[in-house]
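For reference, the structure is listed below as structure tokens.
Numbers restart at 1 for each chain; the letters A, B, ... are given by sequence-line order, proteins then strands.
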Number of protein chains: 4
Amino acid sequence: MPAQRRELRAQGRKTMRRLADAGLQVFAQRGYHESRVDDIVRVAKTSHGTFYLYFSNKEDLLRTLAIDCASEVEGLAAELGPIDSGSGGELALRDFLARFVSTYRRYGVVIRAWMEDQVSDRDIDRLGVRAFTKIATALGGRMEEAGLDPSQTQASAAALMAMIERSSYAITSRDLGVDDEAMVDSLAVLVHRGFFGASATQSRATGSRQ
Amino acid sequence: MPAQRRELRAQGRKTMRRLADAGLQVFAQRGYHESRVDDIVRVAKTSHGTFYLYFSNKEDLLRTLAIDCASEVEGLAAELGPIDSGSGGELALRDFLARFVSTYRRYGVVIRAWMEDQVSDRDIDRLGVRAFTKIATALGGRMEEAGLDPSQTQASAAALMAMIERSSYAITSRDLGVDDEAMVDSLAVLVHRGFFGASATQSRATGSRQ
Amino acid sequence: MPAQRRELRAQGRKTMRRLADAGLQVFAQRGYHESRVDDIVRVAKTSHGTFYLYFSNKEDLLRTLAIDCASEVEGLAAELGPIDSGSGGELALRDFLARFVSTYRRYGVVIRAWMEDQVSDRDIDRLGVRAFTKIATALGGRMEEAGLDPSQTQASAAALMAMIERSSYAITSRDLGVDDEAMVDSLAVLVHRGFFGASATQSRATGSRQ
Amino acid sequence: MPAQRRELRAQGRKTMRRLADAGLQVFAQRGYHESRVDDIVRVAKTSHGTFYLYFSNKEDLLRTLAIDCASEVEGLAAELGPIDSGSGGELALRDFLARFVSTYRRYGVVIRAWMEDQVSDRDIDRLGVRAFTKIATALGGRMEEAGLDPSQTQASAAALMAMIERSSYAITSRDLGVDDEAMVDSLAVLVHRGFFGASATQSRATGSRQ
DNA sequence: CATGAATGAGTGTTCATTCAT
DNA sequence: AATGAATGAACACTCATTCAT
């Protein structure tokens, strides 16, 4: 009888949270597959037995994290407003990217597990597909508003997502000498110009069409 | 160190090649970490012992494959010609992308291992960094020729690489209903326009500015 | 490093002791190198996994045993009293030898590993060198008290140790038709006469100089 | 059909000797059990296949070496002359010890395999038992001539052999700062005095009773 | 609710020996 | 006479999961 999803009291919820946070941390450091349940319980300052009191297995922990992550990512999609070709659009884009990177800082492992197809579990996969479909759809819509030929929408949105996700990965996991700010700025300009029809001379700096 | 780099006769070379090919195949199917030496030797129709006659361990096989892959990727970088904003540029770009995807079809595992930081081995990593630095440099150079602001080169090249690599991954590993041709065409148009200053109405079809 | 030196509860300590005892037994039967972890856990009536819960590997088990053995051997050295050339000296010597043989019955494997240089591990070696240096020093001191030319002390002590160790090995491991008593008696007389200046006619039997 | 003991022509004999010498060398370095056939054939500059052309297995090589060693050791026993308590005796003893150490330098592995009971092969064992019984008998006889109580002969001879063998092991295998000469001198004095009734003041240096 | 202990299937690697040329 | 290639049984060690307290 695998323990699970009972009503939890305060202490139980706290322990579960400790384990989830530890999972996020350990997965981020070592990668999901290389992470050991042992590491997780050590970080969470609890025991093996306790782990299986709250999660039926390692994958179940990832699934739990994936649910949280999906809801955060879908939130981003829902809140993505119009992006015009002017400096206002760039700012909106910048804001979106900053929030995405911040989500990635917390849930990078989950997103990578989705993008790099690290787990075979159907449920986890579905969560990722749905969340990223929403983001891609939102971005595609905004691009069409900005004048993109609809036949190109899908490919463009996919390409854009790849850029954003990999850049977030790079900034959060690889040791580059670049800080979030700088990288988000660069990316915003690039994306604005490449996907939302901003002209080369336009930028937050000038703020006006020329 | 019983294994490696001795003079091999014809038969030995053949077996080694069988193992390398089997490695490529199994790694591609299951991912590097989830692949079992056992699977590889079964595919190569040889024995466990024989594997260790040619490779000192699983990682060593990956390293060997990485060397081949790096040389192929660096070849691509070396042969990347100028890409103008006209239809000739699009064709050149299309050709480059097609070759990249074809390399990815063979060496996808290795490239993913590099990009997804799957192995801790320094040597393997170095090979990847070097090869992709060359490609990024080559692309960056071509973008600058096409008028890109040099301060944006590095970020642009990195973003472009991400797009190309992830797209190749998608087309070769995920089950999309898209064939290589269509996807390379789409990507070429997109990249040409987004990174090499082609205008929206321009395309191979018309080939002329309007 | 999942194994080792945590706080153990009663049950854990018991299991660890069972494993250590099993190690002693199996090592003694087959020799350290020829012993299989498999044999040890079978004797200890536990599982493979449990072994690695308490020892990080086979060598670590030997190291643990070596620590115990060293402390017992050093105890012998510390308690070695003066050995005069009379029958009292012979009795003291006999007592020492009997205790050494008894230690050998338990820790023979470890002592052999030291003496026959069976393991390359530095720590294990150091333990042996230290313990036997102490014994040799103690014996040397007693021999000098009994009139030995100090320039001969080191060689004499070494030779004596060799005799004692090999004899203990013979009596405990080889199938000789001799029991401990008889052999210790013989050895005591021999050593007393050869290294502590007892005259040929002297012995426990007479107990007096003639 | 295990290859063996056919008539060998010049080339064959040469190859077999190369293998035997390589075995002696590799066994001495790593110990019998830790030696790999691979190491032996590499040192002998030949192949695995060739090894099994001359020896039916690793143990067979040791057996072959043991035969040679036994004959050399038995030679020593046969040539051991009387050892009186005077300086002539010491010289004779010194000569014997020097020859034993020299044999040990070549055949140490074999002698250790006998003494440390490293192999279970009956034949190899028998060879060792016979050879060392001869030496022990010879030494025992000489000791009796020198006045030893016959009831003590066997134990004394065994103890003496242990001393000689272990000392030879120490000098040939362990890194002591002592050269053969010095050690043989020390040992000769010691043994002469302890087992052949020489008085403490007697030695090669003075050569006369005082 | 919590935990230390136990488990055993699974995996990488070694190496003596045999085989085909 | 020689050799490179092949084999597979054997072994050490790992780790997700279950159990007893």
Partners passing side-chain hydrogen bond (donor to acceptor under 3.5 Å, both in side chains) against Glu116(B) (at least two apart in sequence or in another chain):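 Scan of Glu116(B) (side-chain hydrogen bond (donor to acceptor under 3.5 Å, both in side chains), adjacent residues dropped) gives Arg112(B), Gln118(B), Arg166(B).
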Residues two or more places apart in sequence or in another chain: which of them pass ring-ring contact (aromatic ring centres under 6.0 Å, His included) with [X]?
| X | answer |
| --- | --- |
| Tyr104(D) | none |
| Tyr107(B) | none |
| Tyr169(B) | none |

Kindly write out the residues that satisfy salt bridge (charged side-chain N to carboxylate O under 4.0 Å, His left out) with [X], not counting sequence neighbours, or none if the list is empty.
| X | result |
| --- | --- |
| Asp21(A) | Arg17(A), Arg106(A) |
| Asp125(A) | none |
| Asp121(B) | Arg63(B) |
| Arg18(D) | none |

Could you list all N or O pairs between the protein and nucleotides 17-21 of chain F that sit under 3.5 Å apart?
residue: dT17(F); atom: OP2; partner: Tyr52(A); partner atom: OH; Å: 3.0
residue: dT17(F); atom: OP2; partner: Lys58(A); partner atom: N; Å: 3.3
residue: dT17(F); atom: O4; partner: His48(A); partner atom: ND1; Å: 2.8

Using Watson-Crick pairs (N1 to N3, plus N6-O4 or O6-N4) and G-U wobble pairs, both distances under 3.5 Å, which stems of at least 3 pairs involve DNA chain F?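 E:2-21 with F:2-21 - these are the stems of 3 or more pairs that involve DNA chain F.
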Taking side chain to side chain contact (heavy atoms under 4.5 Å, CB included) as the criterion, tell me which of Ile40(A), Leu65(A), Leu19(A) meets it with Leu24(A).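 With Leu24(A) as partner, Ile40(A), Leu65(A), Leu19(A) yield a single side chain to side chain contact (heavy atoms under 4.5 Å, CB included), made by Leu65(A).
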Is any side-chain N of the basic residue among Glu34(A) and Arg36(A) closer than 4.0 Å to the acidic one's carboxylate O?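 A salt bridge links Glu34(A) with Arg36(A).
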Does dT7(E) have OP1 or OP2 under 4.0 Å away from a side-chain N or O of Thr46(C)?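 For dT7(E), OP1 or OP2 has a side-chain N or O of Thr46(C) closer than 4.0 Å.
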Are any of Thr15(C)'s side-chain N or O atoms less than 4.0 Å away from OP1 or OP2 of dA6(E)?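 Checking Thr15(C) against dA6(E): at least one side-chain N or O falls below 4.0 Å of OP1 or OP2.
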Taking only residues at least two apart or on different chains, which pairs with a member in residues 40-50 of chain B satisfy salt bridge (charged side-chain N to carboxylate O under 4.0 Å, His left out)?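 Qualifying pairs: Asp38(B)-Arg42(B), Asp39(B)-Arg42(B).
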Rounded to the Å, how far apart are [X] [atom1] and [N] [atom2]?
| X | N | atom1 | atom2 | result |
| --- | --- | --- | --- | --- |
| Arg18(C) | dA5(E) | CZ | P | 13 Å |
| Leu53(D) | dG4(F) | CG | C1' | 14 Å |
| Arg13(C) | dG4(E) | CZ | P | 14 Å |
| Ile40(C) | dC11(F) | CD1 | P | 12 Å |
| Lys45(A) | dA2(E) | NZ | P | 16 Å |
| Asp39(A) | dA16(F) | CG | P | 8 Å |
| Arg9(B) | dA6(F) | CZ | C1' | 14 Å |
| Tyr54(C) | dT7(E) | OH | P | 10 Å |

Return the 5'-most residue of the pair Leu8(C), Thr50(B) with respect to DNA chain E, ranking by each residue's nearest nucleotide.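 Nearest-nucleotide comparison on DNA chain E picks Leu8(C).
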Residues in contact with DNA chain F, drawn from residues 19-36 of chain A - heavy-atom cutoff 4.0 Å: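 When residues 19-36 of chain A is checked for heavy atoms under 4.0 Å from DNA chain F, the hits, listed by number, are Ser35(A), Arg36(A).
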Please tell me which of Asp38(C) and Ser47(D) maps to the more 5' nucleotide of DNA chain F, matching each residue to the nucleotide holding its nearest heavy atom.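 Result: Ser47(D).
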Could you check whether Lys58(D) makes a cation-pi contact with Phe51(D), meaning its NZ or CZ is under 6.0 Å from the centre of the six-membered ring and within 45° of the ring axis?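 Here Lys58(D) fails the 6.0 Å and 45° test against Phe51(D).
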